[in-house]
Amino acid sequence: MNFEGKALSFDVVQRGTVAVNTSTMVGAEGSFQIEARVLDDQGNVVASDEGSRFAGNVHIKQVLPPGHYTVWVKGHNYGNAKDSANNFALRVKQLDTR
């Protein structure tokens, strides 16, 4: 199954390093590829990453100024057609402030 679109939005109140990570769910390891982009309020890509085929997690660390951001995700499941499209978790965390 495939998924593509806006996954979540978040606000940065104070400039700092933000981490955007995915993790593949148990049982789906090695069967999912994920691409993620962090977009600013004007729709510009400010950070992105793409997992390699069959080992598809993304790991983004980016210093962001205050503002509103959207995480766009594209996922492709190489597993069984009966598998759910929701085989990954997405996490956003501010690591520090600068």
Side-chain angles (χ1 to χ4, degrees):
M1 298 218 151
N2 295 315
F3 171 83
E4 183 173 353
K6 177 182 172 182
L8 60 87
S9 295
F10 65 95
D11 293 310
V12 173
V13 176
Q14 190 172 7
R15 178 182 172 85
T17 305
V18 174
V20 178
N21 296 294
T22 63
S23 57
T24 306
M25 302 301 230
V26 174
E29 302 93 338
S31 67
F32 215 78
Q33 180 184 13
I34 303 168
E35 175 186 352
R37 298 177 193 158
V38 179
L39 310 172
D40 65 15
D41 212 18
Q42 289 76 42
N44 300 308
V45 176
V46 296
S48 65
D49 189 28
E50 183 174 355
S52 61
R53 189 172 177 141
F54 304 121
N57 289 315
V58 298
H59 306 285
I60 297 170
K61 282 188 184 177
Q62 182 69 37
V63 175
L64 297 174
H68 184 76
Y69 297 89
T70 300
V71 179
W72 173 92
V73 175
K74 180 178 181 181
H76 182 80
N77 183 348
Y78 294 100
N80 186 320
K82 294 181 181 178
D83 291 342
S84 169
N86 300 319
N87 289 331
F88 65 93
L90 175 65
R91 292 179 190 85
V92 175
K93 180 177 181 179
Q94 186 155 0
L95 302 176
D96 61 26
T97 57
R98 297 179 181 196

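As a basis for the values below, the full set of heavy atoms in this structure was taken, side chains included, without hydrogen atoms, waters or symmetry mates.
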Any sub-3.5 Å donor-acceptor pair from Asp40's side-chain atoms to Gln42's backbone N or O? yes
Are the side chains of Gln14 and Pro66 in touch, meaning some heavy atoms are under 4.5 Å apart? no
Kindly indicate whether the side chain of Tyr69, heavy atoms from C-beta on, has any atom under 4.5 Å from the side chain of Val12. yes
Non-neighbouring partners of Glu50 that pass side-chain contact (heavy atoms from CB on, under 4.5 Å), sequence neighbours left out: Gln33, Glu35
Within-4.5 Å side-chain heavy-atom neighbours: Lys61 and Leu95: yes
Smallest heavy-atom separation, Asn57 atom then Asp49 atom, equals O-OD2, 4.4 Å
Just by modelled atom types, is the Asp96 backbone N or O under 3.5 Å from a matching donor or acceptor in the Gln94 side chain? yes
Side chain Thr22, main chain Ala89, donor-acceptor under 3.5 Å: no
Count I, L, V, M, F, W, Y as connected when their side-chain heavy atoms are under 4.5 Å apart, and connections chain through other members. Are Leu8 and Val46 then in the same cluster? yes
Strictly by modelled atom types, are Arg91 and Ser23 linked by a side-chain donor-acceptor pair under 3.5 Å? yes
My understanding is that only one of Val20, Asn21, Ile34 makes a side-chain contact (heavy atoms from CB on, under 4.5 Å) with Leu90; could you say which? Val20
Test item: Val38 and Ile60 side chains (from C-beta on) under 4.5 Å apart, heavy atoms: yes
Show which residues join Trp72 in its hydrophobic cluster (side-chain heavy-atom contacts under 4.5 Å, direct or indirect), or state none. Leu39, Val45
Return the minimal non-hydrogen interatomic distance between Phe10 and Val71, and the atom names on each side. CE2-CG2, 3.7 Å
Is any side-chain heavy atom of His68 closer than 4.5 Å to one of Asp41? yes
